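Input: a single structure, listed below in structure tokens.
Below, all heavy atoms of this structure are taken into account, side chains as well, without hydrogens, waters or symmetry copies. Order of listing sets the numbers, starting from 1, for every ligand and every atom in it. As the structure is a prediction and not an experimental result, all values here were calculated from the model.
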Amino acid sequence: MPPTIARIITDLALDREFDYRIPDAWIGQVSIGSVVRIPFGRRHTRGLVTALVEHSAWPDLKAIESVSSAPPLVDAAMLRLARWMADYYAAPFEQAIAAILPAAIRREGAKFKKQLIARVVDGREPTAQEEEHLAKRSPRQAAAWAHLKDVRVATAAALDAETGVSRAGLRSLEKRGWIEVAPGVIRRNPHERLTVLPTVAPALMDEQTAALAAVHEQMTAKRPGVILLHGVTGSGKTEVYLAAIQTALDAGKGAIALVPEISLTPQAMERFRGRFGDTVAVLHSHLSDGERHDEWQRIAAGDARVVVGARSALFAPVRPLGLLVVDEEHEPAYKQDESPRYNARDVAVMRGHLDGCAVVLGSATPSLESFQNARNGKYRLVQMRRRVDCRLMPVVRGIDMRVETEKAGTPHLLSQDLIDAIRLRLDRAEQTILFLNRRGFATTLMCPLCGHVETCPNCSVKLTYHRQSEQLLCHVCGEVRSVPALCSNPDCRKPTIKMSGVGTQRVEAAVAKIFPRARIARMDSDTTGAKDSHAQILGRFRRGDLDILVGTQMIAKGLDFPNVTLVGVILADLSLQMPDFRAAERTFQLLTQVAGRAGRGDVPGEVLVQTYAPFHPAVQSARHADAVTFFDQEIEMRRELGYPPFTRLTTVLFKGRDEQAVTACAKEAAARLKANVPATVKLTGPAPAPLAKAKGYYRVQFMLRSAAVRDYVPALRGLLKAFTLPKGVAVAVNVDALSLM
Ligand code: ADP
Ligand code: ZN
């Protein structure tokens, strides 16, 4: 006898499941993942069946009212993944379910969009005479008929757009018996306007062949594992993914490839669609609900077997799943910024584990976490050290801005070396990218002559300068210091300056002043608000209509412009001085990535990095794209200070408009938590977050660190359930936080 009780989660935010009786008539028909209607208090609501059980601790269960006839939305494995996410990331279960099932799918009545569709009736071809007659009477209908004869099927809307034919015009064609007009489903295809030329797989290079073999070994292993594919930019990682996906398809399985949202460019999509054609589905945040629904259903039906997408594509219903790829695995963009604040890379590893499928994490600059996992044998490390076709790595040179300051008397935006290098490119009709890592709000105190930056002695993060109080503050532990008048480096003792955000606008203006005839464009979140202007600027740059592109992080990634032979980094220090223990790691990753933009064509590229800290390991290692050396140095610092990957770090952030209430609340929560966790859990703060006030909300946080998340997350979840937040104060828990901002 099958189980008679269903455990159900509702959309109402309650973080618990309820038991309901399955009426006799439906026993055997209700399964895990079924959508049901249930009485709930005095109302009725929808729910999702999460388990079938024989016994319930509750007497007198109410019965399910109805069961949706649609196939279940999720299976037991996906529910297990959601449960793990809820537990690990300290989030309510229903939020974890909402994360794996897009709203466009969960919504009642979500279905394929019906449209009026016209199709040619076979065997009822008009004669030439009849066609001529029509052309005289109604040119529009004639045009619509000519078009339909070609394509056989089209929506009324498309025909209207193409030929101007009205609905009535179509009806009149129907009366002639030439066509049929009826409502129907044509799947919305987000790539409709894209024609993609098929490509053939190239013969792989030696390193690629070895990498593919390693991936294949995991794919066919009894317990497939995780591969960390560390390959320099341009080493052909994407080709390895494509080849591995092909072997999954050949084995009758599907694959998911995650790409950071920002790298989901038409270029990137073309590589997948060119190789695999229509079996590629794409999922990203710019899809309409309708498009998302259709793609999801196409995947669920098995019509699309390769899914490419951002973060949430990880939950696509690909079955059976043969391979999971996470490109640019170090990318902070994989972290979801609302609850559950999951890291798609880590959840991918978990899904791979639950689904028994191999996982490939790829990067030119792997995260310290993944490197460490490879070192201690959890992941298999595969390296690709050479660029495809032995193209040269760009020459990376640090420019010591301290020397420039001394020469010029005051700090400058552009060094003479960089100016000369840009001029050379203009003369040779080659292109330049000027890159600015803009983190405007963090102001640090730096000496422009020796490069010394005031740093917290406890936490080893840079102190932030606060003008109003004339103080230096550590945003990790809350340490407050007065502002020294002179540089505290005993060998220097010169007056210091405050480093604040330099904008791309200032850089653009400075360059335009020196090179009035150069064609310059700027790309950052200000200029790229309009949907297309991002693509437009890049299009102009690609066509060679621009000489110099000035921009922020968004130009650092994934772009491939053969004519760019110079990349200038305006101020590496802007990211080195972020008040975050990952500042060096982020800088190394950014510099390496940005350097990868230079010399994608036949001319070797040059990268000039302006910095006040030319000997910093992040700058030095980036010069040789040497991720391993960087890792070896940085990991020791992390070990000493007890930062990840040696601990699991969680931030608990309180925010609200009333500063006192927020601070008091954070203090009380911290105190209560401290009493409930083992002494090995390190709690620091509360302190104002580096972004201390945003949109009128004060932000105060404390930080938890311990060897394992389970050392403190259960206590934290308990606290959150029992704790009544004062009105107007909200809390955000970020397990494995990637940024302390
Ligand atoms: P990565 O992802 O490591 O940056 P890509 O996969 O984008 O590198 O490869 C860089 C360039 O080299 C691309 O233009 C790609 O088409 C080309 N490429 C990669 N592998 C091969 C190969 N085996 N033969 C020829 N060209 C290749
Ligand atoms: Zn500190």
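- In this structure, the ring of F315 has its center less than 6.0 angstrom from the ring center of Y342.
- For ligand 1, the polar-atom distance check against Q208 finds a nitrogen or oxygen pair separated by under 3.5 Å.
- Remark: Y241 pairs with no residue by the ring-ring contact (aromatic ring centres under 6.0 Å, His included) rule, at least two apart or across chains.
- By the 30° and 60° cut-offs, the orientation of the rings of F631 relative to F371 is tilted.
- Of the possible polar contacts, one joining the E207 side chain to the R386 backbone as a donor-acceptor pair under 3.5 Å is found.
- Ligand 1 lies less than 4.0 angstrom from a heavy atom belonging to A203.
- Under 4.0 angstrom from ligand 1, there are no non-hydrogen atoms of M384.
- Checked by distance only, ligand 1 and G234 come closer than 3.5 Å through their nitrogen or oxygen atoms.
- For ligand 1, the atoms sitting less than 4.0 Å from at least one non-hydrogen atom of L204 are 23 (N), numbered in the order shown with element in parentheses.
- Looking at T365 and Q589, their side chains never bring a donor and an acceptor atom within 3.5 Å of each other.
- Each of the atoms 6 (O), 19 (C), 20 (N), 21 (C) of ligand 1 lies under 4.0 Å from some heavy atom of E239.
- Evaluation of the side chain to side chain donor-acceptor pair (under 3.5 Å) rule for N376 yields no partner, not counting sequence neighbours.
- Between Y88 and W84, the two ring planes are parallel [angle under 30°; tilted spans 30° to 60°].
- Across the listed options P202, S363, A268, P202 owns the non-hydrogen atom lying nearest to atom 24 (N) of ligand 1.
- Near R271, with a cut-off below 4.0 Å to any heavy atom, the atoms of ligand 1 are 5 (P), 6 (O), 7 (O), 15 (C), 16 (O).
- At a heavy-atom distance under 4.0 Å, atoms from both the backbone and the side chain of T238 approach ligand 1.
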